[in-house]
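Report on one structure; see the data block that follows.
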Amino acid sequence: MSETKLPRPGQATLAGWLIVLGSLLTVVTAWDQISGLRSLDTRERVEEVLAEPPLAGSGIGLDNILDLMHVMALVTGAMAAAAVILGWHVLQRNKQARLALTVIAAPLFFAGMFGGGFWSTLSAVAVVLLWMSPTRDWFDGVSPTKREALDSGDPDEESYVAPTPPASTSPTDSTDSTSGPARLSQQQPPPWTGAIAQATKAAPKRRPGAVTAAAVLTWIGSGLTALMMLASAVTATANPDLILEQVRKQAESDPNMREMAELYTTDIIVASVWVMAVLVALVCVAAAVFAAFAIRRHSWARVALMISAGVSALSLLLFALAFPPAVVLFGAAVATFSFLLRPEVAAWFRG
């Protein structure tokens, strides 16, 4: 298969369109922020932030914050506009575009916290998918069958062994004076009754790198998620009044939550946060255990880890709407699920 005719993997298509659409929406969001930066609503929100720790008493004025937000929104919009064009070229398998996106991914992620929000974070995380298999192999011009052969220790894809035919007697060596059909029948070799070796694809003997990558991503993601939930529980225990105040402020803007907010107490809030933190921590520990057994080549652990990664990806996608940095964990869960779906991984677990 020639390099120019390699089919584009679904992961590459997903990553490319996430970059294009996410960056395009980031440009729109940044422009909307710039247009409403001097509005009364924006000023009131910034003044509320300045009145609370740690910015209270820092000497930073309202105009300084607004100027910083204006600059960051401009920078985010400019990088997002460039990412739209580069993302389109990535879909055409342009290596230079992939490299340029890698360079601007980190600045886009951090600047987007001021002027892009969720969409800029999604675009930055999608760049990571461009360096993972099978997208990486697609950029390198390696076909899926060739990659599977390399991982299975058969780089030349020569698994067929031809059978050795039995030795035949030459007519010139025969001293028999028999002529005609009888002599011809004696010269013909007997029919081959042995087994014919067929081309087979042996399971990889070594553990594929995708299995190791999936386990490492699971351990890192599970550890970070568990620490974040436990830290939030400790924070809620130390400052329950602060959380209760935030709930009441939200109830003031939403009439449907006023009756529910009146039922909340500090004890209920602390208990709810701890229950959620413990449940999430137990799920993270279970995922880490599944990854450990998957490394040891237990096929059931692969299935359990795929289910865990899929459920985590859906949950983190919803959580990222309120907490954009969670998109990083969402990308790790999607990558884990993608790694475990690879053909050489399935073949390794079957072997």
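Throughout, numbering of the chain's residues begins at 1 and tracks the sequence.
Rounding to the nearest 0.5 Å gives a distance of 4.0 Å between CG of L305 and OG1 of T218. Here T212 contributes atom OG1 and R206 contributes atom CZ; the two are 11.0 Å apart, rounded to the nearest 0.5 Å. With rounding to the nearest 0.5 angstrom, the CZ atom of F290 is 13.5 Å from the CE atom of M306. Distance OG1/T135 to CZ/R8: 10.0 Å, rounded to 0.5 Å. Between the CG atom in L122 and the CG atom in L18 there is a gap of 5.0 Å [rounded to 0.5 Å]. To the nearest 0.5 Å, atom OG of residue S312 and atom CZ of residue F330 are 11.5 Å apart.
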Stepwise, does the side chain to side chain contact (heavy atoms under 4.5 Å, CB included) test hold for V345 with F339?
CA-CA 8 Å; V345 172; F339 284 148; 5.8 Å; no

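Residues L340 and A214 share a closest heavy-atom pair of CD2-CB, 4.0 Å. Residues S23 and V84 come closest through the heavy atom pair CB-CG2, 3.5 Å. The minimum heavy-atom distance linking S35 with D32 is given by the pair OG-O, 2.7 Å. The two atoms that bring A30 and A73 nearest to each other are CB-O, 3.6 Å, heavy atoms only. Taking each heavy atom of G87 and V20 in turn, the nearest pair found is C-CG2, 3.6 Å. A335 and L217 get closest at one heavy-atom pair: CB-CD1, 3.8 Å.
Grouping the Ile, Leu, Val, Met, Phe, Trp and Tyr side chains by contacts below 4.5 angstrom, directly or via other members, places L24 with W88. Connection of L224 to V216 is established within a shared hydrophobic cluster, with ILVMFWY side chains joined at heavy-atom distances below 4.5 Å, either directly or through further cluster members. The cluster map of Ile, Leu, Val, Met, Phe, Trp and Tyr, joined by side-chain heavy atoms under 4.5 Å apart, puts L14 and V328 in the same cluster. If you chain together hydrophobic residues whose side chains sit under 4.5 Å apart, V289 and I307 never meet in one group.
Counting only distance, with no hydrogens or angles, the side chain of S338 and the backbone of V334 share no donor-acceptor pair below 3.5 Å. At distances below 3.5 Å, not a single donor-acceptor pair connects side-chain atoms of S299 with backbone N or O atoms of F349. Under a 3.5 Å cut-off, the side chain of R342 and the backbone N or O of A210 do not form any donor-acceptor pair. Proximity of a side-chain donor or acceptor of T235 to a complementary backbone N or O of A231 within less than 3.5 Å is detected. Put simply, the side chain of W219 gets close to the backbone of A288: a donor and an acceptor are under 3.5 Å apart.
Between Q11 and P134, the closest side-chain pair of non-hydrogen atoms falls below 4.5 Å. Inter-residue side-chain proximity for V283 and L279 is flagged as unmet; no heavy-atom pair is nearer than 4.5 Å. W348 is listed as a side-chain neighbour of V211, based on a closest heavy-atom distance under 4.5 Å. In this structure, F139 and V90 have side chains that are in contact, with non-hydrogen atoms separated by less than 4.5 Å. When side chains are defined from C-beta on, I19 does not count as touching L86, because their heavy atoms never get closer than 4.5 Å. Two residues are said to be in side-chain contact when any heavy atoms from C-beta on lie closer than 4.5 Å; M276 and M229 meet this criterion.
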Without placing hydrogens or testing angles, list every side-chain donor-acceptor pair under 3.5 Å for residues 96-112, not counting sequence neighbours.
unit_1: R98; atom_1: NH1; unit_2: L130; atom_2: O; d: 3.2
unit_1: T102; atom_1: OG1; unit_2: R98; atom_2: O; d: 2.8
unit_1: T102; atom_1: OG1; unit_2: W131; atom_2: NE1; d: 2.8

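The pair R93-D140 fails the salt-bridge criterion, with no side-chain N (NZ, NE, NH1 or NH2) lying under 4.0 Å from an Asp/Glu carboxylate O.
If you run side chain to side chain contact (heavy atoms under 4.5 Å, CB included) between V278 and each of V275, V280, L282, only L282 comes through.
Classification of the F293-W300 ring pair by plane angle, with boundaries at 30° and 60°, yields tilted.
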